[in-house]
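Worksheet: the structure to be examined is printed underneath.
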Amino acid sequence: MKKLALIAIAFLVFSCKKESAEPFGTPTTTDKKSEATLTPEALGKELFENKGACIACHRVDAKLIGPSVQEMAKTYKEQNGNIIAFLKEEAKPIMDPTQYEVMKANLAITKAMSEEELKAIEAYIYSNLK
């Protein structure tokens, strides 16, 4: 009986398909290969909604925890603000300084982004200017 059980286990172990070397899930559009195919606005939207986690507090046309994307675009344009400098934590907030402490956690994420990624987020924000 023990021999039969060992043979069955060995059969199962050696007959199972090997796991694929492919990464699990669908690649995100922020993979290096596909970044080049996206417009700056599309890449910025992807970063805004995923890697940057900005979508947790900001909506395009409505205030959530933070101001809307449209409001950010309008204010930064009117005040000649520098979105990239703010995201690098090199410029003071011009939107709502009382919300700055809430934003600090995400600034750690944006400070680690490349210049190209930050420019893409800026392009996405300005693409929503109304």
Side-chain angles (χ1 to χ4, degrees):
M1 190 71 150
K2 287 183 181 180
K3 281 185 179 181
L4 185 58
L6 287 174
I7 292 171
I9 291 171
F11 178 75
L12 288 173
V13 169
F14 293 109
S15 67
C16 291
K17 289 184 178 179
K18 291 188 177 184
E19 292 294 319
S20 170
E22 294 295 315
F24 180 76
T26 324
T28 64
T29 54
T30 54
D31 292 339
K32 290 293 178 194
K33 290 179 185 177
S34 60
E35 277 185 13
T37 62
L38 295 175
T39 65
E41 293 83 4
L43 175 58
K45 182 177 193 255
E46 181 70 26
L47 293 165
F48 189 92
E49 293 177 352
N50 295 294
K51 182 178 179 180
C54 311
I55 197 74
C57 297
H58 303 280
R59 296 294 183 262
V60 171
D61 58 358
K63 179 175 176 45
L64 189 58
I65 294 169
S68 72
V69 176
Q70 291 172 346
E71 186 181 347
M72 287 188 284
K74 181 179 182 247
T75 302
Y76 270 86
K77 181 175 173 129
E78 287 173 353
Q79 295 188 23
N80 201 25
N82 187 329
I83 295 171
I84 294 172
F86 174 71
L87 295 174
K88 288 180 172 182
E89 216 170 0
E90 296 172 353
K92 293 183 180 191
I94 62 173
M95 292 297 301
D96 184 359
T98 63
Q99 291 294 318
Y100 182 64
E101 289 302 315
V102 175
M103 176 79 180
K104 273 190 165 185
N106 277 55
L107 291 177
I109 297 169
T110 57
K111 283 170 59 175
M113 289 183 177
S114 70
E115 193 72 19
E116 178 186 10
E117 290 173 318
L118 293 172
K119 285 179 181 179
I121 290 175
E122 178 185 54
Y124 169 66
I125 290 171
Y126 282 130
S127 74
N128 287 282
L129 191 60
K130 297 286 177 196

Which atom pair, heavy atoms only, marks the closest approach of Pro40 to Ala123? CB-CB, 4.0 Å

Glu46 side chain reached by Tyr124 side chain, heavy atoms, under 4.5 Å: no

Test item: Asn106 side-chain N/O and Gly52 main-chain N/O as donor-acceptor pair under 3.5 Å: yes

Should Leu64 and Ile109 be counted in the same cluster of Ile, Leu, Val, Met, Phe, Trp and Tyr side chains packed under 4.5 Å apart? no

Using the test salt bridge (Lys or Arg N to Asp or Glu O under 4.0 Å), find all partners of Lys88 that sit at least two apart in sequence or belong to another chain. Glu115

Below 4.5 Å, heavy atoms only, C-beta onward: do Val60 and Phe48 meet side chain to side chain? no

Only counting residues at least two apart or in another chain, list the ones meeting salt bridge (Lys or Arg N to Asp or Glu O under 4.0 Å) with Lys63. none

Just verifying a value: how many Å separate Glu41 CD and Ile121 CD1, rounded to the nearest 0.5 Å? 13.0 Å

Can you find a heavy atom in the side chain of Lys77 that is under 4.5 Å from one in the side chain of Leu129? yes

So how far is it from Asn128 CG to Met72 CE, rounded to the nearest 0.5 Å? 8.5 Å

If you look at every heavy atom in Tyr126 and Gly81, which pair is closest and at what distance? OH-O, 4.0 Å

To the nearest 0.5 Å, tell me how far Ile94 CD1 sits from Thr75 OG1. 6.5 Å

What verdict does the side-chain contact (heavy atoms from CB on, under 4.5 Å) test give for Phe86 and Leu118, after you've listed the backbone C-alpha separation in whole Å, the side-chain angles of each residue and the deciding distance to 0.1 Å? CA-CA 10 Å; Phe86 174 71; Leu118 293 172; over 6 Å; no

Is there side-chain contact between Leu87 and Met103, with at least one heavy-atom pair below 4.5 Å? yes

Within this structure, what is the NZ-CD distance for the pair Lys104 and Glu101, rounded to the nearest 0.5 Å? 4.5 Å

If you group Ile, Leu, Val, Met, Phe, Trp and Tyr by side-chain heavy-atom gaps below 4.5 Å, do Ile65 and Ile125 land in one group? no

Evaluate the criterion side-chain contact (heavy atoms from CB on, under 4.5 Å) for residue pair Asp61 and Lys130; output intermediate values, then yes/no. CA-CA 10 Å; Asp61 58 358; Lys130 297 286 177 196; over 6 Å; no

For the atom pair OG (Ser127) and CD (Gln70), what is the distance rounded to the nearest 0.5 Å? 10.0 Å

Rounded to the nearest 0.5 Å, what's the gap from NZ on Lys74 to CE on Met95? Could you check? 9.5 Å

